[in-house]
Amino acid sequence: KRDYSKAIKLYSQALRLAPAGPSSHVYFSNRAAALCYLERYEEAELDSERALALNPEFDKAHARLGLSRYFLKDYHGAIEAYESALAYDPDNESNLRYLEKARSKLDQRRSKGRNRR
């Protein structure tokens with residue numbers, strides 16, 4: 001069984017030792033993934049952004065930013081993040097699926113807004 005709380009603690013320890021080290025973008029991104037599993041999406045979004053500040057081309061950080069924003073119901077932000085992830089890894093099936101889900105949710109939201117007028 002995966003222990004996401006323990007993973008978060010270990011990534012946090014590594015980041016305290018080297019907040020901007022050569023692998024720190026991976027630690028931030030992996031901690032974001034663990035935070036998503038625990039449904040701590042605001043923190044996951046922040047860690048994804050931190051990973052991207054260190055390495056703007058890290059596709060997994062873009063994908064985790066997309067996932068956190070999707071579950072925060074920021075569908076426009078999720079779409080942007082998934083499009084960025086796909087620019088670096090165009091054949092990633094999971095990113096393609098979540099991009100379509102985010103577009104669908106945004107379309108639904110826009111349709112509801114039009115129907116209320």
Inset, instruction - Using the rule that two of Ile, Leu, Val, Met, Phe, Trp, Tyr join whenever any of their side-chain heavy atoms come within less than 4.5 Å, decide whether L72 and Y98 are in one cluster. - result: yes

Legend entry - Side-chain donor or acceptor of S29 paired with backbone N/O of H25 under 3.5 Å: no

Legend entry - Which residues share a salt bridge (Lys or Arg N to Asp or Glu O under 4.0 Å) with E100, sequence neighbours left out: R103

Legend entry - Pair listing, salt bridge (Lys or Arg N to Asp or Glu O under 4.0 Å) test, anchored in residues 4-18, at least two apart: none

Legend entry - Residues in side chain to side chain donor-acceptor pair (under 3.5 Å) contact with E57, at least two apart in sequence or another chain: none

Legend entry - Test ring pair (Phe, Tyr, Trp, His ring centres under 6.0 Å) applied to Y41 - qualifying residues, sequence neighbours left out: F71

Legend entry - Side chains of N30 and R64 in contact at under 4.5 Å (non-hydrogen atoms): yes

Inset, instruction - With sequence neighbours excluded, tell me which residues meet side chain to side chain donor-acceptor pair (under 3.5 Å) with Y75. - result: none

Legend entry - Test side chain to side chain contact (heavy atoms under 4.5 Å, CB included) applied to Y37 - qualifying residues, sequence neighbours left out: R2, Y4

Legend entry - Hydrophobic cluster (4.5 angstrom, side-chain heavy atoms) - remaining members for L52: L65

Legend entry - Side-chain heavy-atom pair D74, H76 within 4.5 angstrom cut-off: yes

Inset, instruction - Using the test side chain to side chain contact (heavy atoms under 4.5 Å, CB included), find all partners of S23 that sit at least two apart in sequence or belong to another chain. - result: Y27

Inset, instruction - Sequence neighbours left out, what passes side chain to side chain donor-acceptor pair (under 3.5 Å) with S12? Give chain and number order. - result: R31

Legend entry - Same cluster (ILVMFWY, side-chain, under 4.5 Å), L106 and L86: yes

Legend entry - Apart from L10 itself, residues in the same hydrophobic cluster as defined by side-chain heavy atoms under 4.5 Å: none

Inset, instruction - For D59, check side chain to side chain donor-acceptor pair (under 3.5 Å) against everything at least two apart and list the hits. - result: none

Legend entry - Geometric cation-pi criterion K60 and F58, 6.0 Å radius, 45° cone: no

Inset, instruction - Could you pull out all residues at least two apart from L46 that satisfy side chain to side chain contact (heavy atoms under 4.5 Å, CB included)? - result: E49, R50

Inset, instruction - State the CG-OG distance between L67 and S94, to the nearest 0.5 angstrom. - result: 7.5 Å

